[in-house]
Protein chains: 2
Amino acid sequence: MNFRLVSQQLGLLLLVLSGILLVLVGVDLLLWRDDTATLQALLAAAGVGLVAGALMFLLRFGAPRHIGRREALLLVATSWGLGAALAALPFFFWAHFSDAGVGSPFRNYADCYFESMSGLTTTGATVLKDIDTLPDALLLWRSLTHWLGGLGIVVLFVAVLPMLGVGGKRLFQVEAAGPSHEGVRPHIRETARVLWYVYLGLTFAAFGAFFIATEMDLFDSLNHALSMMSTGGLSTRDASLGHYDSSSVDFIASFFMLVAGINFALFYQMTQGKWRLAWSNIELRVYLILKIVVIAIVTVNLLGTSIVSTTGRVLEDASWFNALRHATFATVTWQTGTGFGAADYDLFPYLSKALLVGLMFVGGCAGSTAGGVKVVRLWIVLKILAAEIEKAFRPDVVRPIRLGSVAIAPELKLASLAYVLGFFFTIGIGAVLVQVVEGPDGQCGYLESLTASLSCLSNVGPGLGEVGATNNYGWFSTPAKIILCVLMALGRLEFFAILVLFTPRYWRGN
Amino acid sequence: MNFRLVSQQLGLLLLVLSGILLVLVGVDLLLWRDDTATLQALLAAAGVGLVAGALMFLLRFGAPRHIGRREALLLVATSWGLGAALAALPFFFWAHFSDAGVGSPFRNYADCYFESMSGLTTTGATVLKDIDTLPDALLLWRSLTHWLGGLGIVVLFVAVLPMLGVGGKRLFQVEAAGPSHEGVRPHIRETARVLWYVYLGLTFAAFGAFFIATEMDLFDSLNHALSMMSTGGLSTRDASLGHYDSSSVDFIASFFMLVAGINFALFYQMTQGKWRLAWSNIELRVYLILKIVVIAIVTVNLLGTSIVSTTGRVLEDASWFNALRHATFATVTWQTGTGFGAADYDLFPYLSKALLVGLMFVGGCAGSTAGGVKVVRLWIVLKILAAEIEKAFRPDVVRPIRLGSVAIAPELKLASLAYVLGFFFTIGIGAVLVQVVEGPDGQCGYLESLTASLSCLSNVGPGLGEVGATNNYGWFSTPAKIILCVLMALGRLEFFAILVLFTPRYWRGN
């Protein structure tokens, strides 16, 4: 194992994050002029990052340049954990330097780490109760952790991992094999560059749409655009997007969240003029049809009920328009794992809640920043289950399972089933562990431990009950927060990249 | 499709059940002399069964004698449903003929059907609150439905289905392939005969143990033996086995339930003198080790806590002996899906409850009357998950997954994963459906809908909360009871035999 090369790359990550913190300091001085304590916190965090990053970078000196599969996996698994450790520092220092930080959850480093891990994994769960009191620079930093984490995920899963032949690759093999047998371009650097442009372009479009078409101000538009295109969900407002109580905000957000849940490889194809190929993608079609069906059911289910917005305003006897608006927003925000809140979903009728929780589990498309098990995996799994049922009366008939025109390889079948099943097991184990450390009689009931575990693993953010859209994760004990951080990282990196580090064979080498 | 032959076989089933009812009438007249209404109820039920059975039997006239795979599947799937319909009649008629039946849940046929389906699937969930008030003949009939259902399952899964090449067969292929490559004897009739003797012998042994070594009377010993060896769980007492508050009852029951959760094919091997082969069975070893580990954890967890028996007696500051006694009983009764109650498991510490619910899902060994996904399937699935993790850093290494010395065939891997995953999905869908028909604000909370769904699908019986060991299923609405009946049948017949009937291809034929 070439530890020194891994150390260099991790050092580089810290240096980049510190650089962004320094830019943030500059912007702050120019625009908002936050109080001195905030600037000191940002500078201190950047300083720690620069020193640690430089040391780790220099450690590499003399190591061979080759990066193998094992090094890449170690790098992926540790980079989120280490990145979150640095990204948490501005929160931590601010809480200790500033008078406003007294009484803030950020006095506790575990809370800061939870917030930054939630940011970098684009989960969007927060420990904060009074978000509005945070200085602007820290609010932007929260949104930026989402955006940077999302960028990392897109590049990783669409450009890097397929080259290594792990994780997403097996899904993209299927994805990419359309009529022309031409998928994402194989060159990492070039693909990553195009993806970066697509991601940046979509973020700008969302930013512009919020700023121009709604009453959201410049700062909030930027923050929500950053948070949205990464399907993160952290907001600058306590009441999340429900703060604006505006149907145009809700519909614009729904549209962009829907887009953010689509495989970025398809956007790449579109930039190459292959619209027809992108449109013929089975996962995209299933994703859209599922959305339409669930929105229709939830709309009918909400019709005539009282919808309570996250600000507490009650919308009685919901009309078709309002039912559709909230059904669309809720469905998209839960499925893509963004987790913005517009209404208090705890008060939705039971069927709608059950469907939303189900969608949380499904997630968006592979190769997007959305969470869950991913639409394509679930589609493959359902096809396999149907085939298994048929086997009961025709055990000898072997029928290839297809995704579009491509027969699914046996390893991919096994991998998809194993992934979805592993996801289920992890939700259960996570819920039990959280409940064990929280005890049976506290604020954490079965509903909380279960939906918090599912929500963090699916990188959604809110759950139901005490972790619902109008509540937060601040009340969990430190051990529970650590467990939830692990779940966020496991979900974000699709398990195996992390779990593999716990197998003896990995460390023994070949 | 040879419907007439299927009809004949179903008719035969009804005739046999009616015959048993007539024997019950005879025994009743000789021994207990229950009131006239009870005798009338039994006779009326037998009469309906005889007429319907004879008609269905005669319908076959002239049909070809060949029974194919599709006919066998239809027969299996319908026989439990139809058998339960007849087995419910004595309860229904009694509630309407007898004065004692006024106010009984059995006035509602759906409740009777729930009780008999729970009996025949060896689930052991009851709608009854005051079990002691039931006449002896009906109590024995409840226990007999367990025992007959269990016999049917053992013969079906160990002797019949393997011949058809469906369901259990693929598990037994692995099972049977020991060093001598000799497993269950291929001849259905002979195998079934031996299994019947084993089952009968074990039941007699349990009956004798209860009657001789404990203070249980003859009638209760018989009923509990019938209910136990089929891993059913219906008791003649409101407080279930906790009624006796006796450590010898608890330990004897634990031992026999443990035995009942073992693959009956192994008992067959033992009768052939192949002790070593039976002992080398991987599933048996995993089953026993899992038991020991969980009992140890639960014992430590219970130590010093207050254990409340199902009669309400509080055992404060539990000693090692009592902790071990209740941990053993609880672990075995939940894992095998018997569902007898000795303590109020709702009051157990959280970790113990979580482990017990987990065991409910695991279930006993394949080829036993226990429920759940079966130990061998879960073992295979865990091995596959471990192999998938390794693939992250060695995508090209293909390592065969073994069960003992035998490599697991690819189809068996896929089938095991699909089964366990289908089980998870069904628990979730079942819980949501139950909750939808029960509404959000009634007696049925999330804990109730989830554990009732899991418990019925796993053929255990009790769940947690309002369906816990000291409660019953009587309060569910009729639609919820029907859903739970479907879950019991799905779990008992391992899904595919039933679900296949809903695929168009099955009905279109080849």
Side-chain angles (χ1 to χ4, degrees), chain A residues 69-70 72-73 164-167 169-170 349-351 353-355 357-358 361 381-382 384-396 398 410-411 413-415 417-422 424-425 428 431-432 435-436 439-440 445-447 450 464 495-497 499-500 502-503 505-506 510, chain B residues 69-70 72-73 164-167 169-170 349-351 353-355 357-358 361 381-382 384-396 398 410-411 413-415 417-422 424-425 428 431-432 435-436 439-440 445-447 450 464 495-497 499-500 502-503 505-506 510:
Chain A
R69 179 170 289 121
R70 292 167 67 223
L73 283 169
L164 292 172
V166 299
K169 183 209 175 191
R170 282 172 288 183
Y350 173 77
L351 181 65
K353 277 196 283 192
L355 286 172
V357 170
F361 169 78
V381 160
L382 292 178
I384 295 171
L385 289 184
E388 283 294 318
I389 291 169
E390 193 187 343
K391 271 196 190 152
F393 70 102
R394 290 202 277 201
D396 306 320
V398 178
E411 315 89 73
K413 287 194 213 170
L414 212 58
L417 282 170
Y419 189 87
V420 176
L421 197 55
F424 265 123
F425 283 146
V432 168
Q435 192 76 62
V436 165
Y446 294 129
L447 182 66
L450 192 65
L464 291 172
F495 288 105
F496 299 124
L499 290 183
V500 72
F502 295 94
T503 60
R505 278 208 182 107
Y506 171 80
N510 299 308
Chain B
R69 179 169 289 119
R70 293 166 67 225
L73 283 169
L164 293 172
V166 299
K169 183 211 176 193
R170 282 172 288 183
Y350 173 77
L351 180 65
K353 277 196 283 189
L355 286 172
V357 170
F361 169 78
V381 160
L382 291 178
I384 295 171
L385 289 184
E388 283 295 317
I389 290 169
E390 192 185 345
K391 272 194 190 153
F393 70 103
R394 291 202 277 201
D396 307 320
V398 178
E411 315 89 73
K413 287 193 211 170
L414 213 59
L417 282 169
Y419 188 87
V420 176
L421 198 54
F424 265 123
F425 282 148
V432 168
Q435 191 76 64
V436 165
Y446 293 129
L447 182 67
L450 192 65
L464 291 172
F495 288 107
F496 299 124
L499 290 183
V500 72
F502 295 94
T503 60
R505 279 209 181 104
Y506 171 83
N510 298 306

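Convention: sequence-line order gives letters A, B, ...; per-chain numbering from 1. Please read these numbers as outputs of a predicted model, since none were measured by experiment.
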### Query
Parallel, tilted or perpendicular: which fits the ring planes of A:Phe424 and B:Phe424, with parallel below 30° and perpendicular above 60°?
parallel

### Query
What part of A:Ile389 lies closer than 4.5 angstrom to a heavy atom of chain B: side chain, backbone, both or neither?
both

### B:Phe425 to A:Leu382 - nearest heavy-atom pair and separation
CE1-CD2, 4.4 Å

### Task
Please state whether the side chain, the backbone, both or neither of B:Leu421 comes within less than 4.5 Å of a heavy atom of chain A.
both

### Task
Go through the atoms of A:Phe495 and report whether side chain, backbone, both or neither lie under 4.5 Å from a heavy atom of chain B.
neither

### Query
How far does CG of A:Leu450 sit from OH of B:Tyr446, to the nearest 0.5 angstrom?
10.5 Å

### Message
At a 4.5 Å cut-off on heavy atoms, which part of A:Ala431 comes close to chain B: side chain, backbone, both, or neither?
### Response
backbone

#### Entry: Contact winner vs chain B - A:Leu351, A:Val436, A:Leu414, heavy-atom pairs under 4.5 Å
A:Leu414

### chain B contact via A:Val357 - side chain, backbone, both or neither, heavy atoms under 4.5 Å
neither

### Task
Considering only heavy atoms and a distance below 4.5 Å, find which of B:Leu417, B:Leu385, B:Val420 pairs most often with chain A.
B:Leu417

